[in-house]
Enquirer: 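Can you read through this structure? Questions will come right after.
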2 protein chains.
Amino acid sequence: MKITIKDIAEISGVSTTTVSQILNNKGQRFSEETKRRVMKAVEENDYNPDYFAKNMINRESKTVGMIVPDVTDLFFSKVIEGVEAYLTKKDYMILLCNSNHSNEMEKNYIKQLLNRSVAGVILASPNAMELETSLKSSPYILIDRGINTRVEGNLLVKEYEGSYESVQYLIDAGHKKIGMLTNESGYYEMTDRYRAYVQCLKDNKLIYHGEYIEDGPVTIEGGYEAAKRLLERTDITALCCGNDQMAIGTYRAAYELGLKIPEDLSVIGFDDLEISSYLNPPLTTVAQPAFEIGYTAATYLFQSINSPEQKIPNRTFETEFIVRGSTTTVDKKK
Amino acid sequence: MKITIKDIAEISGVSTTTVSQILNNKGQRFSEETKRRVMKAVEENDYNPDYFAKNMINRESKTVGMIVPDVTDLFFSKVIEGVEAYLTKKDYMILLCNSNHSNEMEKNYIKQLLNRSVAGVILASPNAMELETSLKSSPYILIDRGINTRVEGNLLVKEYEGSYESVQYLIDAGHKKIGMLTNESGYYEMTDRYRAYVQCLKDNKLIYHGEYIEDGPVTIEGGYEAAKRLLERTDITALCCGNDQMAIGTYRAAYELGLKIPEDLSVIGFDDLEISSYLNPPLTTVAQPAFEIGYTAATYLFQSINSPEQKIPNRTFETEFIVRGSTTTVDKKK
DNA sequence: CTGAAAGCGCTTACAG
DNA sequence: CTGAAAGCGCTTACAG
């Protein structure tokens, strides 16, 4: 049988009140001698207050729910790492939920998490939600690319600026036929990245070609399929991929079609995954700080849990354009 | 204020006993009319029994702890996905812990998890542990490559056979100077893979060269560094990498040293990550079923939780040798 | 067919 | 300086 506070009280010859107070650092009033006796009994019996009994009173579950679209996604796993790194320092633990990009799953998970009285939730989601109804009763942070409008707790990335910079770079390098891999299917509408692409072409007086755009899932395979369709159809000399994973897929598509990167096709990603600098050739990409995003989300959530009256700050993360070997200037090429 | 069973009882004009019994499907004895009234009150008020109060009695936390060395590792994130996929069907949730390969962190996490009365734990670890003391009080499954000897619940992979097959393949292709990237530094001693390498050379009457072996962390960067050292030092024509991530690092090292894969160097990995078939060239590797391993671990753990008296089965997973573009026969080469 | 009462393992006013 | 007692929100023998 598990050892209880009663046992400790008996062993040290005091009341449960005394044990409880001492254990919760409210025991100033007790004599040193008593404290010592109690602590000794606690140590020796490896006593730990029952988590459930304690929580029934304190309501401090020290648990945070985290929902991500895909744990195996290299971007999100890095975000998780950031969240974990912060929360573990605070003795919090994470209930991890894999939503498989499904809005319905997300709702289920939120319900379950709230049932378990989590202290807060971090929701990484591509979906717009009726947050009022589902999450209202708990502190939360959204990692959602700004899809849901709020006044506080917005964690944003300069997607537009980052994307714009990459397109401008290609144009400056002489590219005129620039394609884009995007995702419009409800999820991950990379609207900002796409808008930046359109605007940048316009600012440079280049014509926008609808057929230079291709749509697909934001995965390696999705990128592969989309790039294949796009590259078979057009003679673009450069391609902005929705993210690094799609860029990896693009490498394969190009290879199969006999296109050399960067000689025949310049490729740019978005994210800067660890793997990206190891690709062959190393991927030129727009870096966003995944770990830091997670870490910040956790920090803000923690603050919000402990000072609910305080507003959660907004924060916009900078991107960094990193030129590596997958892009080149266009010269003899048409 | 949160709504309690008392409120529901009051609203439907019965006792809390009645509400509790009906909600827990022990309400056969109550009249249909009563049941209906209670259920209606429950629905209308969106009542959910308090998680902590309920658990204080039932001790069914429906929560499993999962500890992995690195959430961003592509192999482990796939294992997590498998675990999650099974447990979510059973209405269980996962407390995820990232141990950063540290044995000390693992122990801390185990303690914390047990404090929270998890129903069980899945520990993916490269470390040998004094399991008796730390985990004894809870059902658990180890994903540890068989480092800790147990009579039941061993989830093993045919590492030896898989590795042997890959080395034999290289030898059959004419390679004589075959290197290996391994990890001996306490973690992930890939002993089986290494042993298979040694034995296979021997069986084929090839001399074992100590300088053909290099050691490093099981990451992309680790593989890069190790491969660089090894390739600068020797003139091997083929390299067995400890895992796919190390193989990815090897690609970069080879590239920087001006070695073409597979013309100058055949490369073989271990894992078959999703990304591996998209590398340039696609990676020849020994596939192991990461998702299935996780899924099976969760299945066994669940069984063990619900039938503690039953023995947990052992299971050995097959590997599959997948030939892709990173290997070739050695011909004109010396 | 139904409910009063005890109990799970804690914490916290309150009294001394 | 210390402890008896009430209470958190449930479940479950037990009595009727």
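The sequence lines fix the lettering, A, B, ..., with proteins before strands; numbering per chain opens at 1.
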Enquirer: Can you run through DNA chain C from 5' to 3' and write each base as (, ), [, ], | or . depending on how it pairs? Watson-Crick or G-U wobble, both distances under 3.5 Å.
Expert: |||.||||||||.|||

Enquirer: If the threshold is 4.0 Å, N to carboxylate O, is there a salt bridge linking B/K40 and B/E43?
Expert: no

Enquirer: Of all residues at least two apart in sequence or in a different chain, which pass the salt bridge (charged side-chain N to carboxylate O under 4.0 Å, His left out) check with A/E10?
Expert: none

Enquirer: Roughly how many Å is it from CG in B/N55 to P in D/dG9, rounded to a whole number?
Expert: 16 Å

Enquirer: Mind calculating the distance between CD (A/E32) and C1' (D/dT2) to the nearest angstrom?
Expert: 16 Å

Enquirer: Among all residues two or more places apart in sequence or in another chain, which pass the side-chain contact (heavy atoms from CB on, under 4.5 Å) test with A/T219?
Expert: A/P217, A/E221

Enquirer: Measure the distance from NZ on B/K35 to C1' on C/dC1 and round it to the nearest whole Å.
Expert: 11 Å

Enquirer: Tell me whether A/D50 is salt-bridged to B/R59, with the criterion being a basic N under 4.0 Å from an acidic carboxylate O.
Expert: yes

Enquirer: With a cut-off of 6.0 Å (strictly less than), are more than 12 heavy atoms of other residues, nucleotides or ligands near CD of A/E104?
Expert: no

Enquirer: Under 3.5 Å, is there a donor-acceptor pair between the B/S125 and B/E106 side chains?
Expert: yes

Enquirer: Apply side chain to side chain donor-acceptor pair (under 3.5 Å) to A/T63 and list each qualifying residue two or more places apart in sequence or on a separate chain.
Expert: A/Y51, B/R116

Enquirer: What string of B, S and - do you get for nucleotides 10-16 of chain C, 5' to 3', when a contact is any protein heavy atom under 4.0 Å?
Expert: BSBB---

Enquirer: Run the ring pair (Phe, Tyr, Trp, His ring centres under 6.0 Å) test against A/F302 and tell me which residues pass, sequence neighbours left out.
Expert: A/Y86, A/Y92

Enquirer: Quickly work out the B/R36 CZ to C/dC1 P distance and round it to whole Å.
Expert: 13 Å

Enquirer: Between B/S15 and C/dA4, does any side-chain N or O lie under 4.0 Å from OP1 or OP2?
Expert: no

